[in-house]
Amino acid sequence: MTDHPITDLFIIGGGINGCGIARDAAGRGMSVTLAEMNDLASATSSAATKLFHGGLRYLEYFEFRLVREALIEREVLLKAMPHISWPMRFVLPYHADMRFENDTPTSKLLSGIMPWMKGRRPAWLIRLGLFMYDTLGKRGILPGTRKLDLTKDEAGKPLNSKFETAFEYSDCWVEDARLVMLNARDAQDRGATILPRTKVIGTKRMADHWEITLEDRDSGEVHTRCAKMLVNAGGPWVADLLQKQLNIQSNETVRLVRGSHIVVPKLYDHDRCYFFQGTDGRIIFAIPYEEDYTLIGTTDADHTDVDTPPECTEAEQDYLVKFASEYFKAPVTRDQIVWTYSGVRPLYDDGASSATAATREYVLSLNQDAAPLLNVFGGKITTYRKLAEAAMVKISSALPNLTSNWTAGVPLPGGDFAVEDVKTLQAKLATDYPYLSPYATRRLIRAYGTEAWEVLGEASSASDLGQDFGATITARELDWAIAREWVRTGEDYLWRRTKLGLRLSEEERAAVDGYITQQAAKLAA
């Protein structure tokens, strides 16, 4: 027996692809249900390097369409979410020792034409790549590339003195897990049903609809939903779901690639990022993080078991600190690491020889043998909105008469202000709530944008915000997160909705978790 009428679309997976598709579909008037077996953004979509970027290194693999689409998307996304994303400048130090990965198409071509280069990256080639990066996509907000003299520019101060020249270009930062949550929020506001902590434990495919059996992972309750079409956006589990839950045999699969990161106390004072190229041909970033830290990553390693939680191994930590130490004057050491995280990128398996070389393109596979099924393979945060639009094209071939594209230019919750008005908004919040610290003001605008006033409400003093848990966290904000952002545990709030776990002691983190667990239980009662 079904508990609900047949909806148009049922989406498995609460990462960026699933939530992006849910938002787009709901905005076109479709009835949508999304189920995520854990918290939203609990896997890949909260473990990125936190960048909206075209993918400068993908040019070496001649992935020009992917790079162009991503470059164009950067400013579309910036305008839609200026609270959780912002422009950043990237400094690419240059030295004659720069190397390609030996198996990139560019490396092979250059070796054939100029064998004496032996894998080196000549300066003219980097200039050419950055020229393409500036011109492949449209730029209205982001400034173009310029050359730096590191002996004079502030960006050279923390670097090894052998680096005298650099190139500086633009890309963007994004709070990845908040991006997912805001898409889910907007989808819900447009009529979608969002079911975190709800696992698909079985499906039955009929001629004209799917029956999906679900288990509430908190209560253990089992129920059934029906939908005209199913979307498998399971991320790392997409192939596993296809075979085990959907009972469909397919040659299409994903290559699981682990990307690990380390966080250390702030290594330099300016607000620019570094793009470091290694003698092994790989690259890593060093990025200002949460005001007082530096984020360093990422690695690329094959991950064999989807059900084994990814961890930043000791070998990966050693690799990252050694890599960064080749650039910074003061060596980065293991004992500086305050946090690590690791995610598994589900790349479409194109048979590439290495994890680094595997394509970042997304692949959408539509199966209409009976009730339609759309499988989503691969993808990246920067192109999630375009992936959703492409998915709607596939969906419309099975469920016709959909309305046209609408998401470009429509802000996410809290993002209804101009990119350049962040400081103005912070100043207004400080005026309206003068008891807030400067850090709290900055943090609340960066997290909630124009919804910060709704979070704080009519509180006329700090005491009106309730219990102070440290790091500017108050009971008022936690209540908001529980009621509006599906927060049910301390981990949801401290490591996904925010990264404030970095600023709290173990005892303080336990206090946050205890409060959230207690309040969430009251809400569920």
Side-chain angles (χ1 to χ4, degrees), residues 41-53 55-57 88 90-93 155 158-160 163 171 173-178 236 256-303 308-345 355-356 380-381 471 491 494-506 509:
S42 58
T44 305
S45 295
S46 60
T49 311
K50 325 297 182 190
L51 300 177
F52 278 158
H53 64 126
L56 182 60
R57 70 187 180 91
M88 295 188 102
F90 287 72
V91 176
L92 194 165
L159 299 180
N160 189 304
F163 298 104
D171 261 323
W173 172 266
V174 64
E175 299 288 357
D176 53 0
R178 291 204 66 78
L256 303 178
V257 176
R258 186 177 66 252
S260 295
H261 304 76
I262 60 174
V263 176
V264 299
K266 186 164 66 173
L267 297 176
Y268 52 90
D269 293 328
H270 61 78
D271 61 358
R272 286 174 281 180
C273 308
Y274 289 104
F275 178 116
F276 293 154
Q277 304 172 90
T279 55
D280 62 355
R282 292 217 63 254
I283 65 101
I284 62 168
F285 295 100
I287 307 172
Y289 190 62
E290 296 294 316
E291 296 199 8
D292 297 319
Y293 303 91
T294 299
L295 172 66
I296 300 173
T298 177
T299 59
D300 270 321
D302 284 315
H303 191 78
T308 299
E311 294 182 358
C312 183
T313 65
E314 290 188 4
E316 286 176 307
Q317 293 177 44
D318 288 338
Y319 175 82
L320 290 172
V321 298
K322 181 180 178 183
F323 199 145
S325 296
E326 291 172 357
Y327 279 81
F328 288 115
K329 283 179 184 175
V332 183
T333 59
R334 281 275 299 277
D335 59 8
Q336 290 177 279
I337 298 173
V338 297
W339 185 49
T340 69
Y341 69 90
S342 188
V344 175
R345 297 187 290 273
T356 303
K380 58 200 292 282
I381 282 181
E491 182 180 357
L494 292 172
W495 298 108
R496 282 186 287 277
R497 307 304 184 276
T498 73
K499 294 297 182 290
L500 291 171
L502 284 168
R503 296 180 176 274
L504 298 183
S505 67
E506 185 175 345
R509 291 194 291 267

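Side chains are part of it too, since the values below use all heavy atoms of this structure and drop only hydrogens, waters and symmetry mates.
- Minimum heavy-atom separation, A324 to I284: N-CD1, 4.0 Å.
- Taking 4.5 Å as the limit, every side-chain heavy atom of N160 sits out of range of all side-chain heavy atoms of E326.
- Between V263 and K499 the shortest side-chain heavy-atom distance does not fall below 4.5 Å.
- Other residues, nucleotides and ligands contribute over 12 non-hydrogen atoms within 6.0 Å of the CD atom of E291.
- At least one side-chain heavy atom of I381 sits less than 4.5 Å from a side-chain heavy atom of D176.
- With hydrogens and angles ignored, the 3.5 Å screen pairs no side-chain donor or acceptor of T299 with any backbone N or O of G259.
- The shortest side-chain heavy-atom distance between L502 and D292 does not fall under the 4.5 Å cut-off.
- Using a 4.5 Å heavy-atom cutoff, the side chains of E316 and T340 are not in contact.
- Taken from CD1 in I262 to OH in Y341, the straight-line distance is 11.0 Å, to the nearest 0.5 Å.
- Counting heavy atoms of neighbouring residues, nucleotides and ligands inside a 6.0 Å radius, atom NZ of K329 exceeds 12 of them.
- With contacts defined as side-chain heavy-atom distances shorter than 4.5 Å, the pair P236/T44 qualifies.
- Distance check, rounded to the nearest 0.5 Å: CD1 of I296 to CZ of F323 gives 11.0 Å.
- In this structure, the separation between OH on Y289 and NZ on K266 is 15.5 Å, given to the nearest 0.5 Å.
- Less than 6.0 angstrom separates the ring centroid of Y327 from the ring centroid of F163.
- Between atom CD of residue E491 and atom CZ of residue R497 there is a gap of 10.0 Å, rounded to the nearest 0.5 Å.
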Run the numbers on V332 and L320 for side-chain contact (heavy atoms from CB on, under 4.5 Å), then give the verdict. CA-CA 9 Å; V332 183; L320 290 172; over 6 Å; no

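- If you look at F275 and F285, their ring centroids are closer than 6.0 Å.
- Scanning both residues, L500 and A471, for their nearest heavy atoms gives CD2-O, 4.0 Å.
- Closest non-hydrogen pair, R496 versus S42, comes out as CD-CA, 3.9 Å.
- In this structure the side chain of R272 never reaches within 4.5 angstrom of the side chain of M88, judged on heavy atoms.
- Formation of a donor-acceptor pair under 3.5 Å by the R258 side chain with backbone atoms of A301 is not found in this model.
- Using a 4.0 Å cut-off between a side-chain N of Lys or Arg and a carboxylate O of Asp or Glu, R503 and E290 do not qualify as a salt bridge.
- The side-chain heavy atoms of L51 and I287, taken from C-beta on, include a pair separated by under 4.5 Å.
- Between F328 and Y268, the ring planes are parallel. Angles under 30° get that label, and only those over 60° would be called perpendicular.
- In this structure, the side chain of S260 does not engage the main chain of S342 through any donor-acceptor pair within 3.5 Å.
- The CG atom of D300 lies 4.0 Å from the CZ atom of R282; values are rounded to the nearest 0.5 Å.
- Judged purely by atom type and a 3.5 angstrom limit, R509 uses its side chain to pair as donor or acceptor with the backbone of G501.
- We find the CH2-OG1 distance between W173 and T49 to be 8.5 Å, quoted to the nearest 0.5 Å.
- In this structure, F276 and Y274 have parallel ring planes: the angle between them is below the 30° cut-off, well short of the 60° mark.
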